[in-house]
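Atom set for the values below is all heavy atoms of this structure, side chains included, hydrogens, waters and symmetry mates excluded.
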Amino acid sequence: KGIIRIVSACPQKESPMPSHIQRTACLPYSAESLFELINQVESYPNYLPGCIEASTLSRHGNTVLAQMTLSKAGFTRTLTTCNELTAPTRVSMRLVEGPFKTFEGEWCLTPLGPHATKITLSLCFEVGGAWLGSMVKPLFASMDTQLLHAFCEYAKNTLGTPHLSSSPTSSQTSTNG
């Protein structure tokens, strides 16, 4: 069902091991439709595990300032990112403010045909401070394993079941750290 491999695409920082997560799925929808869903930030609490609030703070051209609040087991943290949009194939995210020393992410959409897209979610993050890290890293790492799956289910529920003979497939890449 899933392929697990270690990816070391994060640049080395002072800390020995930032976490890198990469998830991939093939979905029977156009890249344009999926790109639109990814950029509906306000809908994130409807399907993303642990996301209790999300909003677009500003939108200027291809740049979006977005904020989401994550909560698990009574521990809540807010993350603000600056997202650069390259419609309909890429959303690159970088940390503006939040509980991370570093945070970068990217949604990549590769059209495979008019009604098929390979979608890859990559996240690279490092939590600042040992105490905060011991709380935030497990919170975020447990959510990432469900993030792309939740998005795929949301796409199916929002865009409908396609009339194709094949079903979505996915592969997963493990974290290191």
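- Here the straight-line distance linking atom NE2 of His20 with atom SG of Cys124 works out to 6.5 Å at 0.5 Å rounding.
- Within the structure, salt bridge (Lys or Arg N to Asp or Glu O under 4.0 Å) contacts touching residues 106-119 (residues at least two apart or in different chains) are Arg90-Glu106.
- Annotation: side chain of Thr80 is in contact with side chain of Leu65 (closest heavy-atom distance under 4.5 Å).
- Side-chain contact check for Ser33 and Ser30: at least one donor-acceptor pair (N or O, by modelled atom type) lies under 3.5 Å.
- Taking 4.5 Å as the limit, some side-chain heavy atom of His60 sits within range of a side-chain heavy atom of Ser58.
- Residues satisfying the side chain to side chain donor-acceptor pair (under 3.5 Å) criterion with Glu153, sequence neighbours excluded, are absent altogether.
- In this structure, Leu70 CG and Thr76 OG1 are separated by 9.0 Å, a value rounded to the nearest 0.5 Å.
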CA sep, side-chain torsions, deciding dist, call: Thr81, Val96, side-chain contact (heavy atoms from CB on, under 4.5 Å):
CA-CA 5 Å; Thr81 60; Val96 173; 5.5 Å; no
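- Side-chain contact check for Leu48 versus Leu147: some heavy-atom pair is nearer than 4.5 Å.
- In this structure the side chain of Phe151 reaches within 4.5 angstrom of the side chain of Leu34, judged on heavy atoms.
- To the nearest 0.5 angstrom, Leu109 atom CG is 10.0 Å from Leu121 atom CG.
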Taking distance alone, no hydrogens or angles, what donor-acceptor pairs closer than 3.5 Å link side-chain atoms of residues 39-46 to residues at least two apart or in another chain?
| residue | atom | partner | partner atom | Å |
| --- | --- | --- | --- | --- |
| Asn39 | ND2 | Phe35 | O | 2.9 |
| Glu42 | OE2 | Thr56 | N | 2.9 |
| Glu42 | OE2 | Thr56 | OG1 | 3.0 |
| Ser43 | OG | Gln40 | O | 2.7 |
| Tyr44 | OH | Ile38 | O | 2.6 |

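- Tyr47 contributes atom OH, which lies 6.5 Å from atom CG of Leu37 (distance to the nearest 0.5 angstrom).
- Between atom OG of residue Ser55 and atom CE of residue Met68 there is a gap of 11.0 Å, rounded to the nearest 0.5 Å.
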So Trp107 and Ile119, side-chain contact (heavy atoms from CB on, under 4.5 Å) or not? Walk me through it.
CA-CA 7 Å; Trp107 291 90; Ile119 184 168; 3.7 Å; yes
